[in-house]
Structure formats: C-alpha cells, structure tokens
Number of protein chains: 2
Amino acid sequence: MKRNLEPITYKADTKALAKFAKALAHPTRIAILNYLDKQSCCFTGDLVDVFPLAQSTISQHLKELKNAGLIQGELKSPKIKYCINQENWNTAKTLFQQFFE
Amino acid sequence: MKRNLEPITYKADTKALAKFAKALAHPTRIAILNYLDKQSCCFTGDLVDVFPLAQSTISQHLKELKNAGLIQGELKSPKIKYCINQENWNTAKTLFQQFFE
DNA sequence: TTTGTTTATCGCCAATAGACGATTGATTTA
DNA sequence: TAAATCAATCGTCTATTGGCGATAAACAAA
C-alpha cells in the first residue's frame with residue numbers, strides 16, 4: 001500500500017474481529033481448525049498426512065493460526081501438540097456473535 | 001501461488017466460510033458493515049465522508065463485500081444505495097455459528 | 001557422539017490485496 | 001445540449017499471502 005499519512009484508527013473490537021477473520025480466510029485453516037476440534041488436539045505431522053500440502057506450508061498455516069491466538073502449541077518431544085486456545089476461541093466466537101447480532 | 005498439480009478439494013461449507021471470512025478480513029470492511037447495519041442502508045458517498053480513504057478505495061471494498069454477497073446495491077439515481085443482503089448475511093451467520101459450535 | 005525424527009525458518013517466486021489518482025460512464029439538472 | 005454529480009473502473013505501485021524445496025534447530029535414541 002502506498003500510504004497513509006494519517007493512519008486510520010478503528011475500534012479495538014473491529015480490529016480484533018478483522019484479525020480473527022483473516023486467520024479464517026483460507027479453507028485450509030478452516031479445515032485444520034475443524035480437524036483440531038474433532039481430535040481435540042493433533043501434531044503437525046498428522047496434518048501433513050491429511051492435507052496434500054508440503055510440511056512447510058502446513059507449518060505456515062499453523063503459525064498464522066497461532067499468531068491470531070486461535071491455537072497453541074505444546075512441546076511433546078519430539079513433536080508439538082497443537083490445541084485450540086479456548087480462551088481466545090471464545091473471544092472470537094463472542095465477537096462474531098455480536099457482529100452478526 | 002505456484003501450483004497445485006492436484007488441487008485440494010474442500011467441503012462446500014469450508015469454502016463458503018473461508019470466503020465470508022475473507023470478506024471480513026479487513027477492519028474497513030467490518031466498519032462499513034457496522035455502519036450499514038446502523039443506517040440500514042447508505043450511499044458510497046456517505047462512506048467517503050466517514051472514512052479517510054479515497055473514493056476508489058471505498059469502492060473497491062464495497063465491490064469485495066458485494067462479491068462475497070454480504071451487501072447489495074440498488075440504483076437510486078444518481079446514487080447507489082447499499083444494503084446488507086439479508087439472505088447471505090444469515091447464511092454467513094449460520095456458518096460462523098456452526099463453526100464455533 | 002552420532003543419527004534419526006520432527007517442526008520451524010529461510011529464500012524464492014507468482015499471485016493477490018490494498019492503496020492511490022485519473023479517467024470513464026451513467027444520469028440529473030441547468 | 002452542456003455541465004455537474006456520483007460511482008465504477010483502469011493503471012500503477014508496494015506489501016502481503018501462499019506455495020515450494022532446502023536448511024536449520026531441537027531433542028530422543030542408539
């Protein structure tokens with residue numbers, strides 16, 4: 001983007017909602033979250049088997065979900081167990097509910 | 001993106017949800033929808049006054065919301081009145097509800 | 001210590017997104 | 001008809017996204 005001289009300010013909720021929406025804006029990430037919800041948790045490797053995508057690509061998607069706060073990782077050497085971050089998940093849920101009334 | 005040889009297939013709901021999420025993945029578009037909801041409808045020009053963005057930029061955001069089906073335009077010469085598309089809005093609402101349980 | 005396993009990161013590339021100004025097209029109004 | 005108004009589109013620019021393979025890093029096991 002070229003600018004902006006006076007950057008736009010949005011309400012906190014607006015920004016938060018947009019951030020969550022962005023994390024959900026790719027079918028693979030939706031599918032990952034659905035899978036996670038079903039299994040309650042999973043390892044990166046599981047997803048690599050489930051989706052026809054390179055391991056690095058899966059890792060990127062997980063990173064984005066983690067940055068958005070929707071998931072969290074826990075080291076279970078030598079693997080990493082990913083789970084839904086319930087607290088932020090509920091925050092997102094509430095924000096979407098409010099948004100749609 | 002570079003590829004994919006065998007493109008991934010997702011469930012219809014997954015794709016639909018990702019598409020709606022993508023439309024919501026920018027704070028300006030969230031704000032536009034909030035504004036639209038308050039006013040029930042509005043003209044492009046109204047938004048240009050509300051947001052410190054070029055008219056063409058606003059128009060682009062409206063186009064994306066329209067492509068996602070969340071809003072619809074009606075010609076009220078010489079202006080265009082934009083409203084929420086209730087049917088698709090409800091579809092989106094349901095998809096997000098289901099997704100978050 | 002070396003090897004194997006697992007995941008994250010890096011570098012690269014193409015495509016998309018988001019911003020702008022300028023122009024176009026449609027329609028009203030003078 | 002001419003001028004004004006309004007919104008969409010075009011062209012351009014830069015940043016970000018999404019994909020890959022290759023490499024690095026962390027750790028367990030041999």
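Chain identifiers are assigned alphabetically (A, B, ...) following the order of the sequence lines, protein sequences preceding nucleic acid strands; residue numbering begins at 1 within each chain.
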Item to check | Gap separating the CD atom of B:Glu74 from the CD atom of B:Gln72, nearest 0.5 angstrom | outcome: 8.0 Å

Checklist entry - Do A:Ile71 and A:Leu33 have side chains that get closer than 4.5 Å, going by heavy atoms? => result yes

Next on the checklist: Taking B:Gly69's backbone N and O only, do any of them form a donor-acceptor pair with B:Asn88's side chain (distance below 3.5 Å, no angle check)?
Outcome noted: yes

Give each protein N/O atom lying under 3.5 Å from an N/O atom of nucleotides 21-23 of chain D, with the pair distance.
residue : atom : partner : partner atom : Å
D:dG21  : N7   : A:Ser56 : OG           : 3.3
D:dG21  : O6   : A:Ser56 : OG           : 3.2

Checklist entry - Starting at NZ of B:Lys79 and ending at P of C:dT29, how long is that distance when rounded to a whole Å? => result 11 Å

Checklist entry - What are the two closest heavy atoms between A:Ala25 and B:Ala25, and how far apart are they? => result CB-CB, 4.4 Å

Item to check | Residue pair A:Thr14 / B:Pro27: nearest heavy atoms and the distance that separates them | outcome: CG2-O, 3.4 Å

Checklist entry - Heavy-atom contacts under 4.0 Å between residues 17-26 of chain B and DNA chain C, which residues? => result B:Lys22, B:His26

Item to check | Pairs satisfying ring pair (Phe, Tyr, Trp, His ring centres under 6.0 Å), at least one member in residues 12-41 of chain B, at least two apart | outcome: B:His26-B:His61

Next on the checklist: Without decimals, in angstroms, what is the distance between B:Leu75 CG and C:dT27 C1'?
Outcome noted: 8 Å

Next on the checklist: Once rounded to the nearest 0.5 Å, what's the spacing between atom CD1 of B:Ile30 and atom CG of A:Leu17?
Outcome noted: 4.0 Å

Item to check | Contacting residues from residues 41-51 of chain B, given that a heavy atom lies under 4.0 angstrom of DNA chain D | outcome: B:Phe43, B:Thr44, B:Gly45

Checklist entry - To the nearest angstrom, how far is B:Leu53 atom CG from D:dA7 atom C1'? => result 16 Å

Checklist entry - Does any non-hydrogen side-chain atom of B:Lys66 lie less than 4.5 Å from one of B:Tyr82? => result yes

Item to check | Any residue meeting side-chain hydrogen bond (donor to acceptor under 3.5 Å, both in side chains) with B:Glu64, in chain and number order, not counting sequence neighbours | outcome: B:Arg29

Item to check | A:Glu64 CD to C:dA8 C1', straight-line distance once rounded to whole Å | outcome: 14 Å

Checklist entry - Applying salt bridge (charged side-chain N to carboxylate O under 4.0 Å, His left out), which residue pairs with at least one partner in residues 13-23 of chain A are found, sequence neighbours left out? => result none

Checklist entry - What is the distance from CG of A:Leu62 to C1' of D:dG19, rounded to the nearest Å? => result 15 Å

Checklist outcome for this item: For B:Asn67, the side chain to side chain contact (heavy atoms under 4.5 Å, CB included) test, sequence neighbours excluded, returns B:Lys63

Checklist entry - Within this structure, what is the NZ-to-C1' distance between A:Lys76 and C:dT5, rounded to whole angstrom? => result 18 Å

Item to check | Rounded distance [0.5 Å steps], CG in B:Leu65 versus CD1 in B:Ile32 | outcome: 6.0 Å

Could you pull out all donor-acceptor pairs under 3.5 Å where a side-chain atom in residues 36-60 of chain A meets a protein atom, sequence neighbours excluded?
residue : atom : partner : partner atom : Å
A:Asp46 : OD2  : A:Phe43 : N            : 3.1

Name every donor-acceptor pair, under 3.5 Å, that has one atom in a side chain of residues 90-101 of chain A and the other anywhere in the protein, sequence neighbours excluded.
residue : atom : partner : partner atom : Å
A:Asn90 : ND2  : A:Gln86 : O            : 3.2
A:Thr91 : OG1  : A:Glu87 : O            : 3.1
A:Thr94 : OG1  : A:Asn90 : O            : 2.9

Checklist entry - A:His61 side chain N/O closer than 4.0 Å to the phosphate oxygens (OP1, OP2) of D:dT17? => result no

Checklist entry - For DNA chain C, what are the stems built from at least three Watson-Crick or G-U pairs in a row, each pair having both distances below 3.5 Å? => result C:1-30 with D:1-30

Checklist outcome for this item: When rounded to whole Å, the CG to C1' distance for the pair A:Asn67 and D:dT17 reads 14 Å

Checklist entry - Between D:dG19 atom C1' and A:Lys63 atom NZ, what is the distance in whole Å? => result 15 Å

Identify all pairs in which a protein N or O lies below 3.5 Å from an N or O of nucleotides 28-30 of chain D, and state each distance.
none

Checklist outcome for this item: B:Gln60 has its side chain closest, among C:dT9, D:dA8, C:dA19, to C:dA19

